[in-house]
Each structure stands twice: as C-alpha cells, then as structure tokens.
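Here the structure comes first, spelled out in structure tokens, and everything after it is commentary.
Quick note: numbers below take in every heavy atom, side chains included, and nothing from hydrogens, waters or symmetry partners. Everything quoted here is computed from the prediction, not taken from an experiment.
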Amino acid sequence: MDLGISEKVAPLIAEVRQMVETEIAPLDREYHEEVGRHPSGDRFQMTARQLEILDSLKARAKERGLWNFWLTDSEKGFGLTTVEYAYLAEEMGKVGIAAEVFNCNAPDTGNMEVLERYGTEAHKQRWLKPLLNGDIRSAYLMTEPDVASSDATNIALTAGKDGADWVLNGDKWWATGAGDPRCALYIVMAATDPEAHKHSRHSMFLVPADAPGIEVLRPMHVFGADDAPHGHMHIRFTDVRVPAEDLVLGEGRGFEVAQGRLGPGRIHHCMRAIGQAEKALEMLCQRAMSREAFGRKLMDLGANYDIIANARMEIEMARLLCLKAAWVMDTQGTRAAQSWISQIKVIAPLMALKVVDEAMQVHGAAGISQDFPLAAMWTHLRTLRFADGPDAVHRRQVARTELRKYANGKL
C-alpha cells in the first residue's frame, strides 16, 4: 500500500502550496469582506471586486496548468490517483476560496463526476464543458425539509411523466452553491415511482437553474451565517418541466448516480478538513509562541504542550486513514471503499473541529471573531458532520461492514 507523495505529484504540491500561501490567502479576506457590498444590497450578488479576485486567480492557475486535479480516471482530468489528489486537496483546504481557484470546489466536482460518468454527449457539451472551464457553477439538490433525508429512500419531491416531459413538484433545501449568481445547473433527485423497490424509486434530473417554476425561497443560515454569496438555499419546484432527455442514466437509477457522485465528494471534503486542521495548528503554535500572559509565553501555560502534541498526532492519524480510503478507491473502486470512506467521514471533521477549537482557545476572544478565520472554519467543519450523510449514518455503515464478518452473509 503506497500512500506516499509520488514523484508526479510532489512538484504540484509545491506549486499549489506556494500559490495558496502567497497569492490566494492574501486576497481571501478581502473577497469575503466584499459580501453585501453589491449596489443592489443583495448579499448573493457578487461585486465587481469579488469577480476580479476570482477571475484573476483562476486565470493564473489555468496558465500554470493547475486546474481540474480532482477528475481521476478520465482523459479530461490531470491523470492523478485519488491518493495523489488528497495531498493537493489538503493544501486547498487551508484557505476558503482556494479550491475554486483550481476548479476543485464542491459541489461542482461531484456534479462534474455525474456528467462525466453518466451524462450524454449533449449533457457534456451543454453543462460539463463550461463547468470544467470554470465558467459556471452548479448545485446538487437532494435533501428535503419534510422528510428525514439521512435515509435517501425518503426523498419525496415528485417527478411525473407528462408527454415528452417530466414535471417536478416539491421542496429542496441545503442546496449548497445555489445562491451563487453563476449557478446555472441543478442536479435534482426526485421520486419517479414511489411503489418501486426502495432503491429504484428515484431518478436524477438535470435542471437549468432558471427553469420556469423554480423559486428560491431563502438562504439557510448556519449558526446565523448565510454563507453568501455561495449559500445553502431552500428551493421550491412548482410544475417544473424537464425534457425526458435530461433524465440521467435512466428512470429509477437515481441511487446509482448518487452513490457514484457521493463517494469521491465525501473523501474530498475530508482531505480539505485535514488541511484546515493543519492551518489551525499552525495558527495555534504561532499565537502560543508570540503572546505572553502572566509573565510567560502562552505555550508554557496550562497543558498547551500536550494540546499541541495531541493535535499533531491526531492530524497524522486522520491523514493516514484518509489516504487509505483513497487507496482503496484507487485499487478496488468506490463501492469496496464505502466503509473506509465512512470511517474518515466521521473522523476527519471531528478531529479538525477539536484542533480548531483549541486554536480558538489560545487566541482568546479574537479566536471567535471576524479577525481570524477560525470561527468560519469551525462552522464549516461542524456543518460537514451533516453534509453527505450525518455521523450516525456513517457509523452504521462501518458497523454493518464489521458485523458482516460474523453474520454469514445474513446482515
């Protein structure tokens, strides 16, 4: 099992790290401070300066060939393994806008996976090409307000056949990225046959974000923050017509599409979470060495040596688990890696939350303020414990896999 940095990816890591630290990080705070400054007053409209920041950084990344690293097993991608990509995603996780600069940002990566794996040639020309080029954004609509969406068989937004079209009705929420004015595509999970076997009831549709009958009701708030201009939107579908050719893969195959999408997406989140933990530990150490209280450096007070040591050890353990999950994906496929993906999906945000929390503590009140990125990092990581499945669902997957060893195939 080779989990190390390959000769191929080593120079890419150095280039990405350099660009993140010297070019992206200095502009990240300015980008977020621009939220709400659009002349319209709409927090979900991007200012000219925000677009200038993103466009200039993305142009530089493209010129240097630092683009679309995430797309493994495809001639359109960079030709990296999932293990190799993990090291790059970790670097991108250290700064808020970094992943988008390299066109490696959620939910677009997962949506591009869907289009690349399951889309028709027409889908790829209309949606995949501009997404791969970074010209548009997209959103993935699965979770609903009126059902326990952690069990995706509950998904209830309906899609009924009407001539050559499907007609969609219902609500979705936590549609991440749907607030972005550049969001042009929704990938929507809908119930097409509620009486079918539970894993054949649903289908996946490609829906233009501006289709008639779509209404964005509100942004969902995360601990009081609306995450503008990206957003996590509550969206209503009222008689939204979708041509039959925009059904993905086939009727009743929504779960198949969802699993193909969510496996890579879940592990990408974990990779970036490890990068956030590294950034938080760096900030903790710098603060502990530069500040004094009671006549001593902060690092010499309380249990800070133990806290720093434990953070380092826990980051290393989580990274190794993440890399092993990536290795199983590379060598045995996403289905075989499900238990490993579930394990790191639980471990990575829990570990990173702990490290960020300790960094906030060392920063004192400043640590929970807008003057440092720690509070935003903590909020994102706490949200990650719900995104792509809550902890309890992933623990159930891990336990069921473990118990099958002793159940003679009956579980």
Near-ring test [Y]/[X], centroid separation under 6.0 angstrom:
{"X": "Phe44", "Y": "His230", "answer": "no"}
{"X": "Tyr85", "Y": "Phe69", "answer": "no"}
{"X": "Trp67", "Y": "Phe102", "answer": "no"}

Polar side-chain atom of [X] near backbone of [Y] as donor-acceptor pair, under 3.5 Å:
{"X": "His202", "Y": "Ile155", "value": "yes"}
{"X": "Glu144", "Y": "Lys172", "value": "no"}
{"X": "Ser149", "Y": "Ala152", "value": "no"}

query = Distance from Thr176 atom OG1 to Asp388 atom CG, nearest 0.5 Å?
reply = 9.0 Å

task = Name the orientation class of the two ring planes belonging to Trp174 and His232 (parallel below 30°, tilted from 30 to 60°, perpendicular beyond 60°).
result = tilted

remark   = Here the pair of heavy atoms bringing Val101 nearest to Leu57 is CG1-O, 3.7 Å

request  = Please determine, by modelled atom types, if Glu34 and Thr47 share a side-chain donor-acceptor pair under 3.5 angstrom.
outcome  = yes

query = Is it true that Arg49 and Glu52 make a salt bridge, defined as a side-chain N closer than 4.0 Å to a carboxylate O?
reply = yes

Salt-bridge criterion met for Glu278 and Arg319 (N-O under 4.0 Å) = yes

